[in-house]
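Numbering of ligands and ligand atoms starts at 1, following listing order.
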Amino acid sequence: MRAYDIIAKKRDGMSNTAEELTFLLTRYIKDEIHDDQMAAWLMAVYLNGMTEKETTDLTQVMMHSGDCLDLSAIDGVVVDKHSTGGVGDKITLVLAPIVAAAGVPVAKLSGRGLGFTGGTIDKLEAIPQLQTTLSNDVFIKQVNDIGLAIAGQTQNLAPADKKLYALRDVTATVESIPLIASSIMSKKLAAGSSKILLDVKFGQGAFVKNLGEARKLAQMMVHIGQNLNRETIAVLSSMAQPLGYAIGNALEVEEAISVLRGEGPEDVRRLCLILAGEMLCLNGKVKTAQAGERLASDMLDTGAAYQKLLQMIARQGGDVDTIIQNKLPKATCQRKIFASQNGYIHHINGQAVGTASMILGAGRERKEDAIDLTAGLRVNKKIGDAVSVGEELATLYYNESFAAKIHEAENILLNAYHIAEQKVTAPSLVAEIIKAE
Ligand code: URA
């Protein structure tokens with residue numbers, strides 16, 4: 001077998017076999033096949049696509065390229081959740097404790113943010129002293145003891161995906177449905193849960209920009225799950241505007257806590273309840289997603305979900321008093337932006353909002369960049385809200401070391417808002433739910 005022939009088949013619109021994909025990937029991780037050939041193959045995939053069978057085979061090769069977690073020592077059916085990433089997406093911080101408080105074990109491995117979207121592990125690290133690196137044994141014991149653990153992915157989870165992703169990133173081949181689907185599913189499958197809920201986000205504040213592409217991605221991932229015997233459901237949720245009001249790590253933790261206390265923004269609460277309903281139903285705890293939503297709502301309203309998060313923070317060494325007393329660290333400088341016309345908010349470009357927050361230090365442009373956990377922004381107005389000239393639209397939060405960037409961030413944020421005279425209503429939060437036939 002030769003890499004050249006495998007690339008030529010893909011270039012000519014044919015399918016690669018499981019043996020060919022195994023050959024390509026296993027040799028690539030061992031540096032026996034180099035970036036030049038792999039880049040050519042990636043571009044051929046980008047241009048010609050992959051069948052469902054090829055995508056499932058690729059997923060399996062990447063999944064088995066490193067550690068696969070064995071969660072069989074956890075009592076009960078473990079349900080995992082994954083978001084394809086969106087601006088202001090703090091859903092895991094609320095959803096995981098809701099589901100755990102309802103008695104369903106949550107063993108969640110999460111990632112860090114890159115580019116304009118954030119990552120759950122960075123957000124959790126805004127809580128002083130909280131540990132996100134847990135050994136497998138500690139992780140599993142914590143789930144058995146308190147029903148909830150959220151930790152960072154180990155270095156050796158789907159390493160083939162990690163190496164391939166870095167190459168995709170520099171060869172303009174990230175935006176390929178089979179490559180995204182196999183990348184996400186290889187990590188989810190290696191993480192060991194028997195059921196998977198996917199929150200596939202679409203819109204300007206997400207990685208996938210339109211509903212049609214999000215639907216194709218969701219269908220592909222649901223089929224991969226089905227082919228590999230892991231029941232998978234995908235919720236297609238809109239990122240026509242940022243989720244909630246806060247963007248940035250400590251600011252988002254603060255907002256998630258306020259939702260857990262029954263005070264937070266309605267869109268975050270609503271999406272958490274819908275996703276929780278599906279997770280509780282996937283686990284078999286309830287018979288319908290509607291019953292799951294009612295149970296989830298009780299977990300929020302009684303404070304049980306809030307207590308569950310506090311329990312997890314304490315168990316992972318975090319400073320619980322900081323949360324209880326609302327004393328998360330804050331940035332030292334603020335800058336407000338104001339409306340320059342009367343009207344209604346028609347659109348908020350989430351990618352621009354995420355970028356404004358990133359350049360003030362809240363996110364990473366490159367994987368190796370350090371981040372400022374206190375930086376970010378808060379939008380005051382959302383789609384459909386009326387505004388008048390001079391009214392405050394948003395506040396940027398940053399530290400002195402980023403002062404030179406404030407004008408750029410301010411301009412990007414101002415341009416993110418589209419205000420017009422006609423009244424509008426915000427698009428619905430969830431467009432579709434996709435399940436295996
Ligand atoms: N997230 C992933 O994990 N992989 C992709 O390819 C895209 C988004």
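- Nearest protein heavy-atom contact of atom 1 (N) of ligand 1 is Ile184 CG1, 3.8 Å.
- Of the N and O atoms on the side chains of Asn249 and Asp122, not one donor lies less than 3.5 Å from an acceptor on the other residue.
- In this structure, Lys141 places its NZ atom where only 12 or fewer heavy-atom neighbours from other residues, nucleotides or ligands lie under 6.0 Å away.
- For atom 4 (N) of ligand 1, the nearest non-hydrogen atom of the protein is Ser183 OG, 2.6 Å.
- Judged by the shortest distance from any of its heavy atoms, Ile180 lies inside the 4.0 Å radius around the atoms of ligand 1.
- A donor atom on one side chain and an acceptor atom on the other are found under 3.5 Å apart for Gln142 and Gln316.
- The option from His82, Lys188, Lys187 that lies nearest to atom 3 (O) of ligand 1, judged by heavy atoms, is Lys187.
- If you check the side chains of Tyr306 and Arg261, you find a donor sitting under 3.5 Å from an acceptor.
- Every heavy atom of Thr84 sits 4.0 Å or more from the atoms of ligand 1.
- In this structure, a donor-acceptor pair under 3.5 Å is absent between the side chains of Asn380 and Thr395.
- Those atoms of ligand 1 that come under 4.0 Å of a heavy atom in Phe207, given as number and element, are 7 (C), 8 (C).
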